[in-house]
Amino acid sequence: MRWVFPLWVCLWPCLAQGALTASDVAREVREISLDPGECYRVRDLALPKDEIRLFFTDGYLIFAKPVAGVRMSAVFTAEVEAGDAELLVLPPNRGERRSLASYIGAPNLDEHLAAAVLIFSDDSYAKLTEQIRQNDANRKSPEMGAMMAEHWTPVVRNIAGSFQARLVWDVLLGEPQGHGFLAVSMSGKKLGNFDLYYDRSAREQIVIGKLNTRDNLLFFDTWTSFVAKSYRNRPIEPDLKLDDFRIEATLQSDLSLNVVTKVKAKPSRATLPVLAFDITHPMRVSAVLVDGRPAEVLQRESMRSELLRNVGNEMFLVVPPTPLEPGKDYEVEFRHEGNVIFDAGNHVYYVGARANWFPNIGLQFAKYDLTFRYPKDLDLVTAGELVDEHEEGDWRITRRKTSAPIRFAGFNLGQYERVRLKRNGYTLEVCANRAIEPGLAAKAQAMEVPPVPRHHEPEIMILPELPPDPEARLQEIATEIASALEFYAARFGPPALPTLTVAPVPGRFGQGFPGLIYLSTMSYLAPQEKAIRSLDAHGRLFFSDILQAHETAHQWWGNVVTSAGYHDEWLMEALADYSALLYLENKNGSQPVAMALDSYKANLLQTVNGQTVESTGPIVLGLRLENSQTPTAYYNITYGKGSWIMHMLRRRMGDDRFLAMLADLRKEYERKPLSTEDFRVLAARFLPEKSADPQLEDFFDQWVYGTGIPSLKLSYTVKGKAGALRLNGTVTQSDVAGDFSVLAPVEIQLGHGKTLTQWVRTADGPVTFSVPLAQAPVKVLLDPNSSVLRR
Ligand SMILES: [Zn+2]
């Protein structure tokens, strides 16, 4: 569908002639002000956008003065006798209605508004002025306009400023590209201040939520977020396809980086007069060349829109000397510099922007050729196969190339001891710091950071009072990771890249990039070290065994198979975590797996404000679970419940079928996005024949799209004569909502190793079942192998 607006048509020629630069437009956005001559007493204006209904029933509406010829803001106030405005939003599915209800107490949004500030680059201005013109009751009111302009201009400037790069992008791109958005910050009569976004270029066009703080951390609590009605079933692809990154970075002795990044760029659909890239805040882009010709660069931070995009990145714009044509290849060269490395002391370093230290667009698979020049007393590692390493005076130069496309290229540095191992054609290099970083207080919980970049970094935790010998365990870790690599490769197929480098990161977390793992310095400590001994049993298991096996598994889950979106990110974490548990089970028996699952369950059943952590929301909410109310819910649900979901699937399938499913998943979704529904369909193929719930729809409804951990109880009697016995049993479920229902196994042990398993579907209230038996059972047990996540 094409949207045509006369406004843009007349604006476009003057931009195409280069009359306006990006920085001109940006300056005008920063200086935006309301226009007292464009204030109206309005009645019954409507601004419908798919599932959104916004009504300005009675009040005053003032527009901002044009920026680059475009009016991009308006303010409504209901400060008149019987003044009113109303917002109605009906989320399209049960999950989103439930999410909304968990924040505002109602499944649909119906709120009366006292005031609203609108920022837009879509057709909102045209829609509003058309209605104003059509109704004589809507009159100009310059007196009110003067008052409103004075009161509201600073607010409009503040909000527009946080959308600066985006507004400039949209103005320069022009309307035919369909990138327009509407952002409304409003003051609700019941709900207080909250925000609504309708963004045509977003993966989910409609987002409603509220900025909140907790413990000085800023959260955007997403009340609801979904694909708008008119965008369903449309494929999403980036405007600009990037490939063949060639990065040359010089690391100065003050740890700042000077980088030249070259990349091939190809517009996929439309002519692009302006390009938008992402990069981390501390990196400043000083120059950009497109096919050797200088382009204009506009870079600035914008908090509100970045929080919404959830990537910890800053958008910057590049205006090439002439627009890029679709289907043609261009060479874009960036010069950028900044400091993304933190010195923890003793030549231990922390790389802050691990994924976004160079310009990129989204998470595209691309090949990389990486050259680093750095002081020769340091060691520096990065992804790919080693092409060259040599010294020039005080410098060392390392060049690596990736043999397969990857989604992000990280690096790490220190003064390392290294162990190299070769196993089945794979090269593993594990690095340890020669010294331990000096002690600082350790306070955060153990964690792991998903390979996909997140919007806030884990705090850097540095260890207290440790013996200066982290390399002691180097050989042991190297052997361990090599075994995990071998275990996974034998079962799942080849990893993301044939060479894997593991290097330490000061902190209590790990992160698995393609070909490069950042491993917590805690994991380099021997189990008898004080810092490890002082942890609880799960903490010891986490740092000594799970973390490195989990990060190694990300070479498959997250770096070969990738998630389709934030709703599906749990799959990568659950697969990586459960793969780690499978590896540990193979090595050490079932006890560590049972311990990890028990500890995950305990965390899920912890209560916050009388509610279990698990009930915060379904696992598919992804990062939205990390809200201001329950900041630990994301971690505990994604990892803990995710592992349980994999475990329950394994019990439904049996071990051989479960492993066959993982191998098939790796093969079928190689460098392809995997959605939760894709996974359900694939997993269902591996259920034993004649299984109940053959498409796993009920399983996913309860465990993936729903919440709840039941208590289950079994009672039974055996009656009849030998040869014609009947076992009558009852399974009673409690502690969950009335519509909760799962398949639970009842194991009937008949002696001499013979068992019969009866799957019983639970329901609200007792459920009875009856099984004919030829002989009396020795034992009848409900779920003896932890096949169900239950209390
Ligand atoms: Zn992970």
Side-chain angles (χ1 to χ4, degrees), residues 93 95 203 227 232-233 235-236 363 365 404-405 407 450-452 487-496 512 514 550 553-583 618-622 637-639 641-706 742-743 759 787-789:
N93 57 56
R203 195 178 275 273
V227 177
R232 284 183 203 136
N233 304 317
I236 303 157
L363 297 170
F365 277 102
R407 293 195 305 166
V452 172
F487 176 85
Y488 301 143
R491 283 155 186 83
F492 314 150
H550 175 112
H554 272 312
Q555 293 305 307
W556 287 262
W557 317 123
N559 289 315
V560 174
V561 177
T562 60
S563 59
Y566 76 88
H567 290 298
D568 317 300
E569 196 49 44
W570 72 273
L571 284 166
M572 301 304 123
E573 296 309 334
L575 287 163
D577 213 72
Y578 202 70
S579 296
L581 296 184
L582 286 174
Y583 166 70
I619 197 167
V620 284
L621 286 184
I637 294 172
T638 304
Y639 293 74
K641 193 177 176 191
S643 287
W644 263 103
I645 290 170
M646 292 301 156
H647 180 72
M648 290 190 281
L649 284 173
R650 174 189 178 188
R651 289 287 188 251
R652 289 281 302 273
M653 291 174 188
D655 288 6
D656 293 346
R657 285 169 179 275
F658 183 73
L659 286 173
M661 176 200 68
L662 294 180
D664 224 62
L665 184 63
R666 153 72 182 77
K667 208 160 113 196
E668 211 166 298
Y669 285 89
E670 179 180 79
R671 289 195 279 279
K672 270 201 267 182
L674 176 72
S675 73
T676 300
E677 278 299 285
D678 293 334
F679 179 67
R680 179 184 62 76
V681 170
L682 185 133
R685 295 209 316 253
F686 291 86
L687 285 175
E689 264 181 66
K690 295 185 183 143
S691 289
D693 188 19
Q695 297 307 314
L696 288 171
E697 282 159 328
D698 295 335
F699 181 95
F700 273 65
D701 266 353
Q702 296 301 348
W703 299 115
V704 178
Y705 299 114
V742 293
L743 280 169
W759 290 86
S787 307
V788 178
L789 171 58

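Just so you know, these numbers use all the heavy atoms, side chains as well, and skip hydrogens, waters and symmetry mates.
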Practice item. Run the numbers on Phe658 and Tyr578 for ring-ring contact (aromatic ring centres under 6.0 Å, His included), then give the verdict. Key: CA-CA 11 Å; Phe658 183 73; Tyr578 202 70; 5.7 Å; yes

**Study point:** side chain to side chain contact (heavy atoms under 4.5 Å, CB included) assessment of Thr676 paired with Tyr705
**Key:** CA-CA 10 Å; Thr676 300; Tyr705 299 114; 3.5 Å; yes

**Study point:** CA sep, side-chain torsions, deciding dist, call: Trp703, Trp644, side chain to side chain contact (heavy atoms under 4.5 Å, CB included)
**Key:** CA-CA 9 Å; Trp703 299 115; Trp644 263 103; over 6 Å; no

Exercise for review: Could you walk me through whether Thr638 and Glu569 pass the side chain to side chain contact (heavy atoms under 4.5 Å, CB included) test, one step at a time?
Suggested key: CA-CA 8 Å; Thr638 304; Glu569 196 49 44; over 6 Å; no

Review point. Under the side chain to side chain donor-acceptor pair (under 3.5 Å) criterion, do His550 and Asp577 qualify, and how do the steps go?
Key: CA-CA 5 Å; His550 175 112; Asp577 213 72; 2.7 Å; yes

Practice item. Determine, step by step, whether Leu582 and Leu659 satisfy the side chain to side chain contact (heavy atoms under 4.5 Å, CB included) criterion, reporting the C-alpha distance in whole Å, the side-chain angles of both residues, the deciding distance to 0.1 Å, and the verdict. Key: CA-CA 10 Å; Leu582 286 174; Leu659 286 173; 4.1 Å; yes

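The minimum heavy-atom distance between Val788 and Leu743, with the atom names listed, is CG2-O, 3.6 Å. Between Ala404 and Ala496 the shortest heavy-atom distance is CB-O, 3.9 Å. Heavy atoms only, all atoms of each residue included: Met572 and Val561 are closest at SD-O, 3.3 Å. Considering every non-hydrogen atom in both Pro688 and Ser691, the closest pair reads O-OG, 2.6 Å. The shortest non-hydrogen separation linking His554 to Asn559 is O-ND2, 3.0 Å. For the residue pair Ala553 and Ala576, the shortest heavy atom distance occurs at CB-O, 3.6 Å.
Between Tyr669 and Leu682, some side-chain heavy-atom pair lies under the 4.5 Å cut-off. In this structure, Tyr566 and Leu621 have side chains that are not in contact, with every pair of non-hydrogen atoms separated by 4.5 Å or more. Two residues are said to be in side-chain contact when any heavy atoms from C-beta on lie closer than 4.5 Å; Arg685 and Asp664 meet this criterion. Residues Arg671 and Pro405 form a side-chain contact, since some pair of their non-hydrogen atoms from C-beta on lies under 4.5 Å apart. Side chains of Leu662 and Arg491 form no contact here, defined as non-hydrogen atoms less than 4.5 Å apart. Residues Thr562 and Arg407 have side chains in contact (heavy-atom distance under 4.5 Å, counting atoms from C-beta outward).
Considering only residues two or more places apart in sequence or on other chains, Tyr583 meets the ring pair (Phe, Tyr, Trp, His ring centres under 6.0 Å) condition with Phe487. Scored by the side chain to side chain donor-acceptor pair (under 3.5 Å) test, Arg203 finds no partners at all (sequence neighbours excluded).
Between Trp557 and Phe492, the ring-plane angle classifies as tilted under the 30° and 60° cut-offs.
Between the CD atom of Gln695 and the CG atom of Leu687 there is a distance of 8.5 Å, given to the nearest 0.5 Å. Arg657 CZ to Leu649 CG: the interatomic distance, rounded to the nearest 0.5 Å, is 13.5 Å. Between the CD1 atom of Ile619 and the CD1 atom of Ile645 there is a distance of 4.0 Å, given to the nearest 0.5 Å. Trp570 contributes atom CH2, which lies 10.0 Å from atom OG of Ser643 (distance to the nearest 0.5 angstrom). Distance CD/Gln702 to CE/Met648: 10.0 Å, rounded to 0.5 Å. The structure places CH2 of Trp556 at 13.5 Å from CG of Leu665, a figure rounded to the nearest 0.5 Å.
One finds no salt bridge joining Glu573 and Lys641 here, because no Lys/Arg side-chain nitrogen approaches an Asp/Glu carboxylate oxygen to under 4.0 Å. Remark: Asp678 does not engage Lys672 in a salt bridge, criterion side-chain N to carboxylate O under 4.0 Å.
For the residue pair Ser675/Asp568, the side-chain donor-acceptor check at 3.5 Å is not satisfied.
Arg652 forms a cation-pi arrangement with Trp759, by the criterion of a distance under 6.0 Å to the ring centre and an angle within 45° of the ring axis.
For the pair Asp693 (side chain) and Phe699 (backbone), a donor-acceptor distance under 3.5 Å is present.
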